[in-house]
Structures are given as C-alpha cells and as structure tokens.
Protein chains: 2
Amino acid sequence: MKLKTEKTGAGVDGRQRKRVDQKQVLMRAQNTEKLLKAGERVFSIRGFDGATTAEIAKKAGVSKSTLHYYFGTKEEIYEAVMNRILDLWVSALEEIDADVEPHVAIQNYVARKIEYSRIYPEPTRLWAMEMTGGARHFQAELRQRVFDIVEEKCNVIDGWIAAGKMEPVNPHHLLFLLWASTQTLAEDAAQAEMVLKKSALDKGDFEDARQLATRIFLRGLNLNNT
Amino acid sequence: MKLKTEKTGAGVDGRQRKRVDQKQVLMRAQNTEKLLKAGERVFSIRGFDGATTAEIAKKAGVSKSTLHYYFGTKEEIYEAVMNRILDLWVSALEEIDADVEPHVAIQNYVARKIEYSRIYPEPTRLWAMEMTGGARHFQAELRQRVFDIVEEKCNVIDGWIAAGKMEPVNPHHLLFLLWASTQTLAEDAAQAEMVLKKSALDKGDFEDARQLATRIFLRGLNLNNT
DNA sequence: AATAAGGTTGACCAATTGGTCAGTCTTATG
DNA sequence: CATAAGACTGACCAATTGGTCAACCTTATT
C-alpha cells in the first residue's frame, strides 16, 4: 500500500540537505505521475462525476488522504490530467507545418493521430468525454490555448490554398473531420468491438482505419496525385 | 415500446377490471415522454453517473418519487432513453439501401445523419458518451440489435462492390468513418465553439460540415463521377 | 539525541443521492 | 355515495463520497 520504493540509497551520507530535497522531489514526481496516470484511467472510464477519489487513490497505490495532499480537490487533479492531455493533443498538430507539402502533412497527421489514439486510448477517450460533456472543466486559459494553436494551423492550411497547393476548403471543418476520423476507433472502441464482434481492437484494426482514412482524405482533397 | 407497466396481479379476482381508461393511458404516455425527454437532456450533459434522478424529475415537472414510480431505477430510465436513441440511430441507416446507387445513398446518409445531429444534439451526445464510456449500460439485446443492422448494411456495401459500383473498401471501417464524420459537430460542439469562438453553432455550420464531408467522401471513394 | 519539516494515513464528518413507503388524491364503476 | 385501483408525493433512510484533521512516520540537519 505504501509507495515505499526501493529506497536505500547507496550513498546516504546525508551531508547535504540538497540531496534529500532531490529525493523528495523525485518521490513527489513519481507519486504525482502515478496519481495522474490513475486519474486518466479512472476518469476515462467513469467520467468526472462517476470517478471517485478513493478509486483513483487505490489505483495509484496511495490512500485517499494522500491524493488530497497532492491535489486539494477532485477538480484539481482532473484539471491536471486534462492539462497533460492537451499537451499530447497539441503535439500531434506539429505535423500541420507550412514547410511541408499538404499531402505529406495530412498523411502524417492522420497516421500520428491514429497512432496516438491506439497508444493512448484513455487520454483520447477522456478528451472526447470532456468535449461531449460541454468542456465544463475547461478554464479560459485552456480554451485560449486550444484556440491559438488551431488558429495557427488554420493559417497554415489557408497558406497552402493561397499557394495553389490545395483546393479551397474551410480549414476549421477540415480539422473537425480529421479529428473525428482519427479518434473514433479509440473513442468509440466499444461500438467498434460490438460491430466487429471482437473483445478488443488490435493493431491491424488501427492500420486498416489509417489506410482508409488516408486514402479518403488525400483523394477527397484531391491531393493524391503526387 | 417497452414501458414495463408493472401491472400488479389485479386480476386475481378473476375479472380484469379495466380501470385504465384512455385518459390515464394518455397521461402516462405524456409523463413518460416528459421523463424520457428530461432524461435525455440531463444524461447528455452529466453522463449516467453525474445525472441525478431528482434533476431529471424536476426538469420533467414531477417529483422524484413519480420518476421512480414510472421507472424503478436510474438504470431503467437510462436504458429506456438509450433504447429510444437506438431507434433514431437505426433509422438513419435506412439510406444505405441496396436498391440505391452508392453515391446517392452515401450522400443522403451523410445529409440525414448530420441533420439528425443538428436537430437531436442531446441524443447524439448521449450515444457518444455511452460508447466512449465503454457501452457499460448496453445489454446483450441492444448489442445484438446494433450488430445485426450493421451487418446487414455491410452486406449492402459489399454488394455494391461486387456489382462493380464501388471500389473495394472495408465496409465496417467506412461506416466508422461516416459515423464519426457526421456526428462530430454535435458531439464535440464545445470543441467547435471553442475553436470558432462562437457561443453556439448554427445551421450554416452544419451545412458547411455536410458539404465538406459529402465532397470528401464521394471523391474519396471515387463515386463523384456519376 | 533532539529537532524540524514534510509525507502519509485512518478515522471521521457533512452533504448528496438512489430508492422506499405510508398515506393522500383522483376517477371510473357499482 | 361507496369502493377500488392507480397515480402521486413528502418524509425518510442507508450508502456513498469529497474533503478534513490530528497523529504518526521518515529523514536530514544540528
């Protein structure tokens, strides 16, 4: 039940306080990580309301009191979890780069996004749940961050269009379609498993989805003639 | 429909007194409708766990006890709500018809699905939440119903392919893409509003989405040359 | 050893909530 | 009117849960 850890430091001479602080900082980081990971899992299954701090704490291997020592309230740990997911969400958009040809960028974005959704299904689902639930826990700062990065990427797409590299298209709606198409397999895994009569999706399913999505988007945007 | 009326064994006296008159039946139908409508709204915002029977009852204009008189448990009203949504979900699939040319069918399906998502955003969101949350409240019967209808429609698509009317494509994944693409605006309205800096999406947004999705799917599937 | 300071937790509390129940109200029928 | 059956509800209860707190533990420093 304790996060104990394999302590025992080889060189525990305890001369400098600084070393201890480092150790404490490390422990804190580890516990924080465990709690955030557990939070991702529990929140992504039960949603904000359905999740209990007790279950998160248990899954992280600490007491509920410890969770509340690290994160004052349930909202606080939830926001910390969401913040982290936003980083992931933003990082995938790196592929939308003005210096890259649109057909390559979109191909890579689709691939990366689907790969993320396969590797990180819980953050993917949690993000979806938050949006579907009205983004009630998204503060102004997070909203602004989302808006800014999306605006930037829309400008990239408009740039491609202006440069004649791509047919005119509403960049916002293109992004909406890309997001939906690349997340659905993780987001609606239950639905896919129901339809495919599988107990779990495998790598091949995601690869099939990637190929179909890539094909449809590239040809659909008239970008496949390269 | 399946409003389980717990009839009581009133007929023990041998004669089924038909106390239930038309007015009562009407009232029951009206109240049931109000409760299901309220349930849709509250569940779609708060999720199963976050919703309270008290809030649903209040929104329906009856007491919590009345809700529990109509639906024994929270699960029961939730399932009734989901059942209804499944009807809607299934009805849209009517467009996928073997007697219709694929480019027409897909165009109509996209249009109908997006229109549904605009007119019925709450059922749309609730369905999405249920799937994202792992379809934990979907009983075997509902699962089978989903499987059967989807299997049927996949056969239609395979039929189009066999008839040379359409390029080979994995029909399941095509449906996944269609679902995701046509629901995202309602499902992720909060995200879209964040990105578009709007307080609410309007008809034009859905029309833009429809046009782009139609264009990309038809051309992406090489169906636009008909 | 003594001190200090942060880390950890069991026990506990107040609020919420799903569900129950006894009793009241309404209305068709005899 | 009297009856009976369903419709309806306020009051209530047991369980859950977010959050608190005093006590205890661990460890570096003096």
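So that the names make sense, note that chain A is the first sequence line, chain B the second, and so on, each numbered from 1.
- If you measure from atom CG of A:N31 to atom C1' of C:dG7, you get 9 Å, rounded to the nearest angstrom.
- Protein atom OH of A:Y70 is 7 Å distant from nucleotide atom P of C:dG7, rounded to whole Å.
- Between atom CD of residue B:E151 and atom CG of residue A:L196 there is a gap of 9.0 Å, rounded to the nearest 0.5 Å.
- Without hydrogens or angle criteria, A:Q183 side chain to A:I114 main chain gives no donor-acceptor distance under 3.5 Å.
- Between the side chains of B:Y78 and B:E130, at least one donor-acceptor pair of N or O atoms lies under 3.5 Å.
- Between B:F176 and B:H172, the ring-plane angle classifies as tilted under the 30° and 60° cut-offs.
- Straight-line distance from the OH atom of A:Y69 to the P atom of C:dG10: 16 Å, rounded to whole Å.
- Aromatic pair A:F138/A:W127: centroids less than 6.0 angstrom apart.
- At whole-Å resolution of the value, CG in A:L67 and P in D:dT17 are 14 Å apart.
- Only at 4.0 angstrom or more do the heavy atoms of residues 41-49 of chain B sit from any atom of DNA chain C, so none qualifies.
- Inter-residue side-chain proximity for B:F48 and B:R136 is flagged as unmet; no heavy-atom pair is nearer than 4.5 Å.
- Counting non-hydrogen atoms under 4.0 angstrom, B:A57 reaches nothing in the nucleic acid.
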Dump every N/O contact between nucleotides 19-23 of chain D and the protein below 3.5 Å, one line per pair.
unit_1	atom_1	unit_2	atom_2	d
D:dG19	OP2	A:K74	N	2.6
D:dG19	N7	A:K64	NZ	3.2
D:dG19	O6	A:K64	NZ	2.7
D:dT20	O4	A:S65	OG	3.4

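- Checking each of A:R46, A:K64, A:R41 against A:E55 for a salt bridge (Lys or Arg N to Asp or Glu O under 4.0 Å) leaves exactly one that passes, namely A:R46.
- Residue B:T52 places its side chain closer to C:dT17 than to any other of D:dT9, C:dT17, D:dG6.
- Across the protein-nucleic acid pair, B:Q24 atom CD and C:dC25 atom P stand 18 Å apart, rounded to whole Å.
- Distance CD (B:E55) to P (C:dT17): 9 Å, rounded to an integer number of Å.
- At whole-Å resolution of the value, NZ in A:K58 and C1' in D:dG18 are 18 Å apart.
- For B:E79 and B:N83, the side-chain atoms include no donor-acceptor pair closer than 3.5 Å.
- Minimum heavy-atom separation, A:A186 to A:S117: CB-O, 3.2 Å.
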